[in-house]
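Accompanying notes for the structure given below.
Along the sequence shown, residues are numbered consecutively beginning with 1. What you see below is based on every heavy atom in this structure, not just the backbone, and it leaves out hydrogens, waters and symmetry mates.
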Amino acid sequence: MSLPEFANLNRRGFIGLAGAAAGVTALAACGGPSTSGGASASSSSESVDWKSVKPAKEIQFWSNHPGKSKDVETAIVNAFNSSQSETKVSLVTAGASYEEVAQKFQTAQTGGQLPGVILQSDVWWFRNMINELIIPLDDLMKAIEFDATDYQDSLVKDYQYGDKQWGVPYARSTPLFYYNAEMFKAARVQAPKTWQELEEMSTKIKSANSGIQSVYQHPAPADYDSWTLQNKIWAWGGELSKDFDITCNSQAVIDAVTFSKNSVGTWAGVSAKDATADFSAKAVACTVGSTGSLVGILEAAQFEVGVAFLPGGPKATDQVCPTGGAGLGIPKNLKPEQQLAAANFLKFMGQPENAAKFAQATGYMPVRKSADMSSVFKERPQAQEAIKQLAHTRVQDTARVFLPGGDREIGMANSDVMTGKAEPQARFDQLKTTLEGIYTKEVKPKLG
């Protein structure tokens with residue numbers, strides 16, 4: 001592990017999965033998000049003798065099919081069902097978004113059928129954990145010899161808390177810098193290393209491509225702009241939070257937000273709905289979007305698409321890219337035989353060949369190190385840049401992913417500033433108060 005990576009992990013706490021299988025323990029040695037209090041959530045699965053349990057005959061897998069993945073998910077589910085006779089998995093469309101899946105899962109707690117495997121976004125799994133709706137996977141993984149050392153370290157650590165593993169990576173992504181290579185070539189510029197460089201070259205880009213609305217398009221508030229906002233905040237040397245200490249109104253954060261605000265109307269715009277769609281339509285020369293959008297962008301764009309690492313800023317040019325996307329968990333309120341069947345399915349889903357199939361079909365990151373991506377790279381060489389950036393990612397700030405509704409509140413504050421409705425310092429002072437209230441009322445009492 002490099003020194004910068006270690007320093008970043010130490011920000012949230014260095015943890016280990018004590019007593020787990022050797023494979024899982026090796027992963028935990030790289031650390032993950034934690035606090036001194038640890039998690040209070042527990043599960044009856046920790047006392048189950050899994051050797052005496054037989055897998056359930058049927059379970060459901062709830063998904064929203066991220067990245068238009070229904071076909072490949074169906075193929076993987078069918079392959080699992082054909083590979084053994086103990087358990088039949090049914091794929092269920094549980095919503096059109098991560099939020100809809102989460103809401104359906106919450107409702108099912110009070111009645112109705114629960115899934116064996118639940119898809120959870122980066123901002124939902126922790127909420128499910130503190131509300132004791134999912135189980136730690138360590139004992140189950142050990143019982144079925146689910147060796148997770150081949151998972152990408154920077155992705156699997158996102159699901160570690162309180163010395164336990166609460167999920168496994170699935171539809172994982174990072175933001176990428178997308179640019180119209182033809183427009184950049186016309187302006188005789190290359191992908192910027194910093195946001196200041198993009199600002200400086202924006203005049204050249206616009207003058208060489210007179211038909212564009214703006215040089216750069218900021219993501220829409222509804223399009224997870226709080227996710228990509230972290231890139232600029234870190235590039236300016238700030239953080240939304242340090243563990244649960246809210247720092248979203250620091251001078252560094254205000255400087256980053258102000259830079260973005262000042263770009264609007266000069267060389268940048270704000271998308272009304274989907275910045276990558278604006279980019280594909282040649283309305284703008286560049287934008288930032290999920291790696292999970294890569295396939296869709298390449299299919300829609302009638303030009304050469306370039307991709308690059310996220311730009312840095314005046315304080316940092318590395319470790320400024322957040323991880324993101326969704327993982328898979330197992331509900332707590334299931335019978336042990338259902339949980340065992342779910343674990344077997346998770347193990348199958350994560351096999352390198354299945355990870356490669358999913359990545360090839362969607363553009364999401366291959367969650368396994370040994371996934372053979374050669375055919376993907378041949379078809380979409382841009383995907384290599386996304387995977388290279390994995391070594392330069394950073395776990396997200398606690399305020400966004402560990403505070404229920406934190407991502408929405410951050411996005412609303414940023415939107416108010418970007419649209420000129422609010423002054424940066426005052427609005428982010430207000431945000432700090434809101435986020436501290438969420439922690440005090442909804443998180444702190446459940447951490448023990």
> Any side-chain heavy atom of Asn333 sitting closer than 4.5 Å to one from Pro331?
Replying inline: no
>> Between Val270 and Thr419, is there a side-chain heavy-atom distance shorter than 4.5 Å?
In response: no
>> Listing request: all side chain to side chain donor-acceptor pair (under 3.5 Å) pairs with a residue in residues 51-65, at least two apart in sequence or in separate chains.
In response: Gln60-Trp62, Gln60-Gln113, Ser63-Glu73, His65-Glu73, His65-Thr93
>> Can you give me the closest heavy-atom contact between Trp50 and Pro336, atom names plus distance?
In response: CZ3-O, 3.2 Å
> Where do Val77 and Val89 come nearest, in terms of heavy atoms and distance?
Replying inline: CG1-O, 3.3 Å
>> Tell me if a side-chain donor or acceptor on Asp243 pairs with a main-chain N or O of Asp245 at a distance below 3.5 Å.
In response: no
> Looking only at side chains, do Gln165 and Asp138 share a donor and an acceptor under 3.5 Å apart?
Replying inline: no
> Should Val288 and Asn231 count as side-chain neighbours, where that means a heavy-atom distance under 4.5 Å?
Replying inline: no
> Does Glu442 use its side chain to pair, donor to acceptor, with the backbone of Ile438 at less than 3.5 Å?
Replying inline: no
> Side chains of Leu298 and Gln382: closer than 4.5 Å at any heavy-atom pair?
Replying inline: yes
> Does a side-chain heavy-atom distance below 4.5 Å link Ile130 with Val443?
Replying inline: yes
> Any sub-3.5 Å donor-acceptor pair from Ser69's side-chain atoms to Pro66's backbone N or O?
Replying inline: yes
>> I'd like to know if the side chain of Lys164 and the backbone of Ile135 have a donor-acceptor N/O pair within less than 3.5 Å.
In response: no
> Can you check whether Phe80's main-chain N or O pairs, donor with acceptor, with Ser83's side chain at less than 3.5 Å?
Replying inline: yes
>> Please report the interatomic distance CG(Asn81) to CD1(Ile76), rounded to the nearest 0.5 Å.
In response: 12.0 Å
>> Does any part of the side chain of Leu390, heavy atoms only, come nearer than 4.5 Å to the side chain of Met365, both counted from C-beta?
In response: yes
> For Asp122 and Arg400, what are the C-alpha separation, side-chain angles and deciding distance, and is it a salt bridge (charged side-chain N to carboxylate O under 4.0 Å, His left out)?
Replying inline: CA-CA 9 Å; Asp122 51 1; Arg400 180 176 187 265; 3.2 Å; yes
> Side chains of Asp150 and Ser370: is there a donor and an acceptor less than 3.5 Å apart?
Replying inline: yes
> Do Phe402 and Tyr439 pass the ring pair (Phe, Tyr, Trp, His ring centres under 6.0 Å) test, and can you show the C-alpha distance, the side-chain angles, and the key distance before you say yes or no?
Replying inline: CA-CA 9 Å; Phe402 282 5; Tyr439 170 68; over 10 Å; no
>> Would you say Ser241 and Asp397 are linked by a side-chain donor-acceptor pair, where the criterion is simply a distance under 3.5 Å?
In response: no
>> Please report the interatomic distance OH(Tyr98) to CD(Gln120), rounded to the nearest 0.5 Å.
In response: 11.5 Å
> Hey, are Lys432 and Glu436 close enough for a salt bridge, meaning a charged N less than 4.0 Å from a carboxylate O?
Replying inline: yes
> At their closest point, which heavy atom of Ala399 faces which heavy atom of Ile246, and how far apart are they?
Replying inline: CB-CD1, 4.2 Å
>> For Trp234 and Arg394: C-alpha separation, side-chain torsions, deciding distance, then whether side chain to side chain contact (heavy atoms under 4.5 Å, CB included) applies.
In response: CA-CA 10 Å; Trp234 297 340; Arg394 174 172 170 171; 3.5 Å; yes
>> Between Gln109 (side chain only) and Phe105 (backbone N and O only), is there a donor and an acceptor less than 3.5 Å apart?
In response: yes
> For Gly237 and Lys315, which heavy atoms make the closest approach, and how far apart are they?
Replying inline: N-CB, 3.6 Å
> Under the side chain to side chain contact (heavy atoms under 4.5 Å, CB included) criterion, do Leu240 and Gln230 qualify, and how do the steps go?
Replying inline: CA-CA 8 Å; Leu240 289 166; Gln230 293 171 109; 3.9 Å; yes
>> If you apply the rule side chain to side chain contact (heavy atoms under 4.5 Å, CB included), what do you find for Gln389 with Cys321, and how did you get there?
In response: CA-CA 8 Å; Gln389 191 177 222; Cys321 178; 3.5 Å; yes
>> Please check this pair: side chain of Arg380 against backbone of Gln360, looking for a donor-acceptor N/O pair closer than 3.5 Å.
In response: yes
> Would you call Leu328 and Ile118 a side-chain contact if the rule is heavy atoms closer than 4.5 Å?
Replying inline: no
> Going through the distances and angles, do Arg172 and Thr291 end up as a side chain to side chain contact (heavy atoms under 4.5 Å, CB included)?
Replying inline: CA-CA 9 Å; Arg172 296 306 309 274; Thr291 54; over 6 Å; no
> Backbone N or O of Thr74 within a donor-acceptor pair of the Asn78 side chain at under 3.5 Å?
Replying inline: yes
> Does a donor on one side chain sit under 3.5 Å from an acceptor on the other, for Asn344 and Glu86?
Replying inline: no
> Can any side-chain N or O of Asn131 pair as donor or acceptor with the backbone N or O of Leu133 at less than 3.5 Å?
Replying inline: no
> Of all heavy-atom pairs between Pro175 and Pro322, which one has the smallest distance, and what is that distance?
Replying inline: CD-O, 3.2 Å
>> Check for me whether the distance between the ring centres of Tyr179 and Phe303 falls short of 6.0 Å.
In response: no
> Can the ring centres of Trp195 and Phe259 be said to be less than 6.0 Å apart?
Replying inline: no
> Atom CG of Asp225 and atom OG of Ser271: how far apart are they, to the nearest 0.5 Å?
Replying inline: 10.5 Å
> Once you round to the nearest 0.5 Å, how far does CZ of Phe428 lie from CD1 of Ile233?
Replying inline: 6.0 Å
> Which atoms form the tightest heavy-atom contact between Leu119 and Ala326, and what is the distance?
Replying inline: CD1-CB, 3.8 Å
>> With a 3.5 Å distance limit and no angle check, can you tell me whether Asp416 reaches the backbone of Ala422 through a side-chain donor-acceptor pair?
In response: no
> Is there side-chain contact between Trp124 and Glu99, with heavy atoms separated by less than 4.5 Å?
Replying inline: yes
> salt bridge (charged side-chain N to carboxylate O under 4.0 Å, His left out): which pairs involve residues 290-311, sequence neighbours left out?
Replying inline: none
> Roughly how far, to the nearest 0.5 Å, is the OG1 atom of Thr174 from the OH atom of Tyr364?
Replying inline: 11.5 Å
>> Once you measure the plane-to-plane angle for Phe126 and Phe244, does it fall in the parallel (<30°), tilted (30-60°) or perpendicular (>60°) bin?
In response: tilted
> With distance as the sole criterion, is a donor-acceptor pair present between the side chains of Asp158 and Trp125 under 3.5 Å?
Replying inline: no
> Take atom NZ in Lys444; do more than 12 heavy atoms of anything else shown fall under 6.0 Å from it?
Replying inline: no
> Quick one: are the ring centres of Phe177 and Phe309 less than 6.0 Å apart?
Replying inline: no
>> Can you tell me how far apart CG (Leu198) and SG (Cys286) are? Round to the nearest 0.5 Å.
In response: 4.5 Å
